[in-house]
Amino acid sequence: MPAGGFSSVTPAGVEFEAKITPIVIITCIMAATGGLMFGYDVGVSGGVTSMPDFLKKFFPVVYRKTRNPGIDGNYCKYDNQGLQLFTSSLYLAGLTATFFASYTTRRLGRRLTMLIAGFFFIAGVVLNAAAQDLAMLIIGRILLGCGVGFANQAVPLFLSEIAPTRIRGGCNILFQLNVTIGILFANLVNYGTAKITGGWGWRLSLGLAGIPALLLTVGALLVVDSPNSLIERGRLDEGKAVLRKIRGTDKIEPEFLELVEASRIAKEVKHPFRNLLKRRNRPQLVIAVALQIFQQCTGINAIMFYAPVLFDTLGFGNDAALYSAVITGAVNVLSTVVSIYSVDKVGRRVLLLEAGVQMFISQVIIAIILAFKVKDHSDDLHKGFAILVVVMICTFVSAFAWSWGPLGWLIPSETFPLETRSAGQSVTVCVNLLFTFVIAQAFLSMLCHFKYGIFLFFSGWVVIMSIFTLFLIPETKNIPIEEMTERVWKQHWFWKRFMDDDEVADVTNGDIAKKNGHANGFDPTSQL
């Protein structure tokens with residue numbers, strides 16, 4: 001969401017005036033550092049779990065299997081529930097924290113929720129870096145997970161609300177860009193710390209997570225809360241002042257009045273989670289939940305969590321495995337930058353559908369290579385094929401990074417109406433973390449049992465999600481959040497049947513239908 005204007009377009013076609021303001025850019029960049037912490041946590045776990053000193057101290061059984069390949073085949077040497085729990089406990093904690101984060105986001109504001117996330121991150125980093133036993137290590141990961149729950153709840157909402165409409169997509173993807181930078185940073189750190197003799201390299205890897213944790217905490221102290229959040233909490237004058245500041249113009253009255261009216265309607269909803277289940281909110285809820293399930297079922301987090309472990313399993317050796325993980329991390333960052341520049345130009349649907357084809361082809365090719373070249377007790381993957389596997393994984397990662405990665409967060413955050421936005425974002429984060437936990441906890445066991453078939457399993461899901469996108473995900477490019485119902489859901493071939501007229505405020509004299517005017521969607525046929 002680089003910089004732009006909150007162009008809430010009225011039915012008459014009048015845009016709210018807004019300028020490109022430096023404060024919006026700076027605020028969005030600082031808020032998006034929550035993604036940096038999340039990404040570092042994702043990337044660091046795979047690196048340290050492939051370090052012999054770390055395994056020897058906390059997972060001696062796995063350490064013995066990696067030292068003696070004859071005990072178990074290549075595909076099964078890392079199959080250990082405790083090892084998987086080290087990675088997955090973070091996401092289970094995040095899942096629980098999300099419910100509390102929904103309350104703080106609504107009652108205390110987006111900014112304070114981000115600050116709470118920063119404190120959780122710092123506490124978790126200290127425990128992990130100083131861990132003396134497995135219990136201390138897991139508790140540290142749980143605290144980090146609480147930080148993830150609070151950050152993932154507040155940051156996407158904050159970015160969608162503070163950014164102007166025409167660049168909302170790009171700005172929101174700053175969160176995902178920071179996730180990918182965090183993963184790359186973790187991979188680079190792991191590559192360096194793995195070479196440290198003395199057995200303390202893993203402590204440095206876990207401890208350096210303090211850098212993004214401090215950035216998020218300081219950023220939360222410096223940014224302003226979104227006008228939507230301030231108005232929602234009854235601080236109208238402050239909300240108006242912030243709106244004037246971030247839009248760079250004094251002509252903010254029409255937008256301000258729309259936000260006040262939206263807030264008034266939202267306050268009439270006493271039970272946002274119950275309201276979320278109402279028929280008129282069905283499209284947003286179904287799409288938000290589906291996006292989170294599909295995002296994890298691409299298999300991306302399995303690769304990002306365990307990239308060094310995966311490459312080591314394929315016979316790369318420890319150094320080569322960490323180096324290959326750095327390459328995929330770099331591709332991840334660069335491809336997310338592509339998304340920032342393209343999402344508000346070519347639209348959400350085009351990116352999702354193109355990526356589906358690219359991910360499917362790359363996963364099938366990887367499966368074929370592994371089926372013929374990597375056996376349970378093969379010593380090595382031929383250099384030519386090893387390079388091809390890395391290229392195909394990079395092809396897969398790049399497709400995900402400019403589509404399902406950022407858009408899985410962007411689309412839900414821009415489509416829920418204000419009265420259910422906090423609850424909707426809570427459900428979105430909750431489902432995402434639930435399936436992230438499942439994949440993290442199960443992947444190494446699935447790799448052991450499915451072997452090369454694991455990539456065919458994920459490619460099957462890619463086909464399903466591409467069909468879902470083609471028929472049921474509408475285009476939301478350049479549509480103001482408050483106008484989604486009229487301009488998107490009511491125009492969609494399938495979802496329009498859920499937009500009952502008696503549930504939406506009357507539209508008279510060209511006024512915006514406020515009551516449902518925060519939902520979202522668009523006719524897919526109009527975009528293809």
Side-chain angles (χ1 to χ4, degrees), residues 168-169 172-173 276-300 339 342-364 396 399-417 420 424 427-428 431-432 435 456-481 483-501 503-504 516-528:
R168 187 179 63 230
N172 197 285
I173 289 172
L276 199 58
L277 299 176
K278 288 186 177 179
R279 181 178 172 84
R280 69 172 180 269
N281 292 321
R282 196 94 35 92
Q284 303 96 299
L285 183 61
V286 169
I287 287 175
V289 169
L291 282 171
Q292 304 317 304
I293 296 173
F294 289 152
Q295 188 189 69
Q296 297 311 309
C297 288
T298 59
I300 185 67
S339 183
S342 60
V343 68
D344 289 316
K345 292 182 173 63
V346 304
R348 285 67 163 149
R349 282 170 52 81
V350 171
L351 290 176
L352 290 173
L353 291 170
E354 184 281 331
V357 175
Q358 191 172 323
M359 288 191 294
F360 176 79
I361 292 172
S362 57
Q363 285 181 319
V364 169
F396 166 77
F400 177 87
W402 64 54
S403 62
W404 287 93
L407 298 182
W409 294 110
L410 169 62
I411 293 174
S413 73
E414 68 182 0
T415 53
F416 281 110
T420 60
V427 170
T428 299
V431 173
N432 184 280
F435 279 84
L456 295 178
F457 171 79
F458 288 131
S459 66
W461 276 102
V462 170
V463 172
I464 295 170
M465 64 186 72
S466 297
I467 293 171
F468 182 88
T469 300
L470 183 63
F471 292 106
L472 294 176
I473 296 184
E475 183 57 74
T476 54
K477 177 185 70 171
N478 296 334
I479 307 293
I481 294 177
E483 310 258 340
M484 291 285 182
T485 297
E486 291 300 316
R487 298 178 57 186
V488 177
W489 302 119
K490 284 191 172 182
Q491 309 303 320
H492 191 274
W493 72 274
F494 180 76
W495 298 122
K496 65 183 179 183
R497 70 191 67 187
F498 295 93
M499 299 294 111
D500 297 331
D501 289 337
E503 290 195 36
V504 183
N516 210 23
H518 315 60
N520 12 7
F522 201 74
D523 186 349
T525 58
S526 70
Q527 298 301 306
L528 294 176

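- The main-chain N or O of F435 is never found under 3.5 Å from a side-chain atom of Q296 such that the two would form a donor-acceptor pair.
- Looking at every heavy atom in both residues, V343 comes nearest to L407 through CG2-CD2, 3.5 Å.
- L291 and I473 get closest at one heavy-atom pair: CD2-CD1, 3.8 Å.
- Annotation for P480 and R487: closest pair CD-NH1, 3.5 Å, computed over non-hydrogen atoms.
- Results of the side chain to side chain contact (heavy atoms under 4.5 Å, CB included) test with P412 over L285, I287, T428 single out T428 as the only residue that passes.
- Interatomic distance, W461 CH2 to I293 CD1, rounded to the nearest 0.5 Å: 7.0 Å.
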Distance-only donor-acceptor pairs under 3.5 Å for side chains of residues 354-364, two or more places apart:
| residue | atom | partner | partner atom | Å |
| --- | --- | --- | --- | --- |
| E354 | OE1 | W402 | NE1 | 3.0 |
| Q358 | NE2 | T395 | O | 3.0 |
| Q358 | NE2 | S398 | OG | 3.0 |
| S362 | OG | Q358 | O | 3.1 |
| S362 | OG | M359 | O | 3.0 |
| Q363 | OE1 | S459 | N | 3.2 |
| Q363 | NE2 | T298 | O | 2.9 |

Given the rule in the side chain to side chain contact (heavy atoms under 4.5 Å, CB included) test, do E486 and E483 qualify, once you have shown the distances and angles that lead to the verdict?
CA-CA 6 Å; E486 291 300 316; E483 310 258 340; 5.6 Å; no
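- Here the side chain of R349 pairs no donor or acceptor atom with the backbone of P474 at under 3.5 angstrom.
- Scanning all heavy atoms of the two residues, the minimum distance from K477 to K345 falls at NZ-O, 3.0 Å.
- Side chain of S403 to backbone of A399: a donor-acceptor contact under 3.5 angstrom is found.
- With K490 contributing its side chain and M499 its backbone, the two residues share no donor-acceptor pair below 3.5 Å.
- Across Q284 and P417, no two heavy atoms sit closer than the pair NE2-CD, 3.4 Å.
- Between S339 atom OG and W404 atom CH2 the span is 13.0 Å, to the nearest 0.5 Å.
- At least one side-chain heavy atom of L472 sits under 4.5 Å from a side-chain heavy atom of F494.
- Between W495 and F498, the distance separating the two ring centers is shorter than 6.0 angstrom.
- One finds a salt bridge joining R348 and E414 here, because a Lys/Arg side-chain nitrogen approaches an Asp/Glu carboxylate oxygen to under 4.0 Å.
- Residues meeting the ring pair (Phe, Tyr, Trp, His ring centres under 6.0 Å) test with F294, sequence neighbours left out: F468.
- Between the side chain of W493 and the main chain of F471, a donor-acceptor pair closer than 3.5 Å is present.
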